[in-house]
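Counting starts at 1 for both ligands and their atoms, following the listed order. Because the structure is a prediction, the values reported are computed rather than measured.
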Amino acid sequence: MSLKVFITGGTTGIGLALAKKFLAEGAIVAVTGRSQEKYNAIRDKRIIFYQSDVAKSDQMKVCVEHFIKHQGGLDIIIANAGIGYSEKSAIPNFAESKRIFEVNVFGVMNTIEPALEYFHQKGSGHVVCISSIAGFNGLPGTSAYAASKSAVSKLFESYAIDFKQSNIDVTCIHPGFVDTPLTQRNKHPMPFIVSATRAGDKFYSAIMKKKSYYAYPRFFSGLVRFLSFLPRSLYISMMRSKFLNYSVK
Ligand SMILES: NC(=O)c1ccc[n+]([C@@H]2O[C@H](COP(=O)([O-])OP(=O)(O)OC[C@H]3O[C@@H](n4cnc5c(N)ncnc54)[C@H](OP(=O)(O)O)[C@@H]3O)[C@@H](O)[C@H]2O)c1
């Protein structure tokens with residue numbers, strides 16, 4: 001029987017790469033996004049589309065329940081949709097910061113809530129989120145993005161403990177830099193950047209192995225992880241240096 005997979009924000013980037021990989025492996029796949037145009041640009045129309053905003057819980061409930069009803073179930077839900085700042089600034093843009101939390105944190109909860117209701121009834125399921133290595137530390141110029149990813153990583157760490165007794169698998173993925181529309185506007189260096197296809201293949205494999213925690217690329221994520229073990233005052237002094245601080249005024 002085909003796996004039934006629902007991915008938020010799957011019209012470009014990592015979500016689309018995952019959608020294509022699951023499809024190639026025989027799964028039934030739906031993606032979401034706000035823009036119909038982005039979906040229209042996808043050639044493979046076997047990918048089902050729901051136009052919706054993850055920040056709106058009522059919209060997420062409707063489309064997840066529609067998918068379950070019309071595809072006869074759901075096996076994996078992937079909370080992938082996420083946004084960053086339009087510009088990395090040392091002066092926080094609070095309107096953007098609040099929207100980042102709405103999408104990257106509450107959007108994840110809005111996505112998995114209707115799926116979990118179904119998984120509890122079914123007695124099994126798999127919830128996945130795409131966090132980021134940006135959540136390992138506070139980062140210059142991208143405060144709410146780093147904090148939002150830190151929040152979802154910790155949410156999923158708790159879920160991995162809590163959901164075990166309900167037979168629901170939990171996977172939290174921490175990508176480094178991936179070449180997508182999100183990063184194509186970055187002006188700073190992006191060490192160890194990988195293509196979306198490569199990232200999609202690696203994340204697919206981590207999901208199928210039901211890893212609760214996965215970070216990739218391994219060396220770069222390990223390095224960033226190491227920074228999170230440093231005394232915070234040392235880390236802050238290091239990151240204030242011109243070499244590492246790429247936020248603009
Ligand atoms: N690229 C990287 O280097 C990188 C690294 C670490 C983590 N990540 C994370 O990976 C995830 C995917 O990023 P990406 O690089 O693939 O970005 P992307 O190419 O910009 O794709 C984002 C996708 O999310 C959708 N989306 C954005 N806001 C949405 C909303 N409110 N409701 C529903 N869909 C929404 C977009 O479609 P619409 O605009 O049409 O809604 C698009 O399909 C994000 O959570 C990001 O934080 C990315």
Side-chain angles (χ1 to χ4, degrees), residues 6-21 29-42 47-64 77-86 88 96 98-112 128-137 139 142 144-153 155-156 171-186 188-200 202-203 206-207 214-217 220-221 224-225:
F6 190 101
I7 306 171
T8 63
T11 54
T12 59
I14 294 170
L16 179 57
L18 272 171
K20 286 179 176 168
K21 179 65 181 167
V29 182
V31 299
T32 75
R34 292 157 306 161
S35 152
Q36 179 73 45
E37 287 71 42
K38 286 186 188 172
Y39 175 69
N40 293 346
I42 302 173
I47 298 177
I48 303 159
F49 178 61
Y50 289 97
Q51 188 171 25
S52 59
D53 183 339
V54 291
K56 305 213 162 99
S57 60
D58 50 340
Q59 290 185 11
M60 288 316 298
K61 186 171 162 59
V62 168
C63 57
V64 172
I77 187 130
I78 305 178
N80 163 73
I83 54 169
Y85 285 101
S86 52
K88 293 188 166 125
E96 275 195 349
K98 288 173 196 169
R99 178 68 185 162
I100 285 170
F101 263 75
E102 273 168 23
V103 174
N104 295 7
V105 182
F106 298 117
V108 170
M109 294 191 201
N110 294 337
T111 300
I112 67 166
V128 178
C129 95
I130 309 296
S131 181
S132 172
I133 65 166
F136 293 169
N137 297 283
L139 291 175
T142 178
Y145 182 77
S148 72
K149 293 302 183 180
S150 184
V152 289
S153 293
L155 280 176
F156 268 63
T171 300
C172 186
I173 290 172
H174 299 80
F177 290 114
V178 181
D179 187 8
T180 70
L182 185 78
T183 48
Q184 278 153 14
R185 60 176 188 244
N186 284 346
H188 57 76
M190 292 185 278
F192 302 97
I193 189 164
V194 295
S195 71
T197 308
R198 172 100 182 122
K202 297 297 273 185
F203 302 163
I207 293 166
Y214 182 67
Y216 175 80
F220 186 51
S221 60
V224 179
R225 190 51 149 173

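For ligand 1, the atoms closer than 4.0 angstrom to any heavy atom of Gly13 are 16 (O), 19 (O). Below 4.0 Å from some heavy atom of Phe177 lie the following atoms of ligand 1, by number and element: 3 (O). Close approach to Ser35 involves these atoms of ligand 1, each under 4.0 Å from a residue heavy atom: 40 (O). Applying the 4.0 Å criterion to heavy atoms of Thr183 picks out, from ligand 1, the atoms 1 (N), 2 (C), 3 (O). If you number the atoms of ligand 1 from 1 as listed, the ones under 4.0 Å from a heavy atom of Val103 come out as 31 (N). Heavy-atom contacts of Gly82 reach the following atoms of ligand 1: 44 (C), 45 (O) (cutoff under 4.0 Å).
Here the CD atom belonging to Glu37 is positioned 8.0 Å from the CD atom belonging to Gln51, to the nearest 0.5 angstrom. The structure places CD1 of Ile130 at 5.5 Å from CD1 of Ile207, a figure rounded to the nearest 0.5 Å.
Nearest to atom 47 (O) of ligand 1 among the protein's heavy atoms is Tyr145 OH, 2.6 Å. Shortest contact from atom 5 (C) of ligand 1 to any protein heavy atom: Gly176 O, 3.0 Å. From the protein, the heavy atom lying nearest to atom 33 (C) of ligand 1 is Ser52 O, 3.4 Å. Among protein heavy atoms, atom 35 (C) of ligand 1 sits closest to Ala81 CB, 3.7 Å. Given atom 12 (C) of ligand 1, the protein heavy atom at minimum distance is Asn80 OD1, 3.2 Å. Thr11 OG1, 3.4 Å is the protein heavy atom nearest to atom 37 (O) of ligand 1. For atom 25 (C) of ligand 1, the closest non-hydrogen atom of the protein is Gly9 CA, 3.5 Å. For atom 14 (P) of ligand 1, the nearest protein heavy atom (residue, atom name, distance) is Thr180 OG1, 3.6 Å.
Across every non-hydrogen atom of Asp179 and Ser195, the tightest pair is CB-CA, 4.4 Å. Nearest heavy atom pair, residue Arg185 against residue Tyr85, reads NH2-O, 3.2 Å. Nearest heavy-atom pair across Cys129 and Phe156 is CB-CZ, 3.4 Å. Residues Ala146 and Ala134 approach most closely at CB-O, 3.2 Å, considering heavy atoms. When all heavy atoms of Phe203 and Pro175 are compared, the closest pair comes out as CZ-CB, 3.6 Å. The shortest heavy-atom contact between Val64 and Thr111 is CG2-O, 4.2 Å.
For ligand 1, the polar-atom distance check against Ser132 finds no nitrogen or oxygen pair separated by under 3.5 Å. An N or O contact shorter than 3.5 Å links Thr12 to ligand 1 by distance. Considering backbone and side-chain N/O of Ile14, one or more are found under 3.5 Å from N/O of ligand 1. Here's the thing with Asn104: none of its N/O atoms is less than 3.5 angstrom from an N/O atom of ligand 1. Between Ala55 and ligand 1, not a single N/O pair is under 3.5 Å apart. Between Ile83 and ligand 1, no pair of N/O atoms sits closer than 3.5 Å. Among the atoms of Val54, some N or O lies under 3.5 angstrom from an N or O of ligand 1.
By the 6.0 Å contact criterion, NZ on Lys21 is enclosed, its count of non-hydrogen atoms from other residues, nucleotides or ligands being greater than 12.
Here Lys149 has side-chain heavy atoms under 4.0 Å from ligand 1, and that is the only part of it that gets that close. Neither the backbone nor the side chain of Ala134 comes within contact range of ligand 1; no heavy atom lies under 4.0 Å. Contact annotation for Arg34 and ligand 1: heavy atoms of both the backbone and the side chain come within less than 4.0 Å of the ligand. Contacts between Val178 and ligand 1, counted as non-hydrogen atom pairs separated by less than 4.0 Å, involve both the backbone and the side chain. Heavy atoms of Leu182 found under 4.0 angstrom from ligand 1 belong to the backbone as well as the side chain. Contacts between Ser131 and ligand 1 below 4.0 angstrom, taking non-hydrogen atoms only, involve the backbone exclusively. Contact annotation for Arg99 and ligand 1: only side-chain heavy atoms (C-beta onward) come within less than 4.0 Å of the ligand.
Ring pair Phe49/Tyr39 is parallel by interplanar angle, where below 30° counts as parallel and above 60° as perpendicular.
Asp53 contributes no side-chain N or O that, together with a main-chain N or O of Arg34, makes up a donor-acceptor pair within less than 3.5 Å.
Within the structure, the closest approach of Gly10 to ligand 1 falls below 4.0 Å when heavy atoms are considered. Assignment of Asp53 to the shell around ligand 1 is supported, since a heavy atom sits closer than 4.0 Å.
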Please report the C-alpha distance between Gln59 and Tyr50 in whole Å, then the side-chain angles of each, then the deciding distance to 0.1 Å, and finally whether the side-chain contact (heavy atoms from CB on, under 4.5 Å) criterion is met. CA-CA 9 Å; Gln59 290 185 11; Tyr50 289 97; over 6 Å; no

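Between the side chains of Ser153 and His174, at least one donor N or O sits under 3.5 Å from an acceptor N or O.
No option in Leu16, Leu18, Ile47 other than Ile47 meets the side-chain contact (heavy atoms from CB on, under 4.5 Å) test with Val31.
Met109 has its side chain within reach of Leu155: a pair of non-hydrogen atoms, C-beta onward, lies under 4.5 Å apart. Residues Asn104 and Lys149 form a side-chain contact, since some pair of their non-hydrogen atoms from C-beta on lies under 4.5 Å apart.
The pair Glu96-Arg99 fails the salt-bridge criterion, with no side-chain N (NZ, NE, NH1 or NH2) lying under 4.0 Å from an Asp/Glu carboxylate O.
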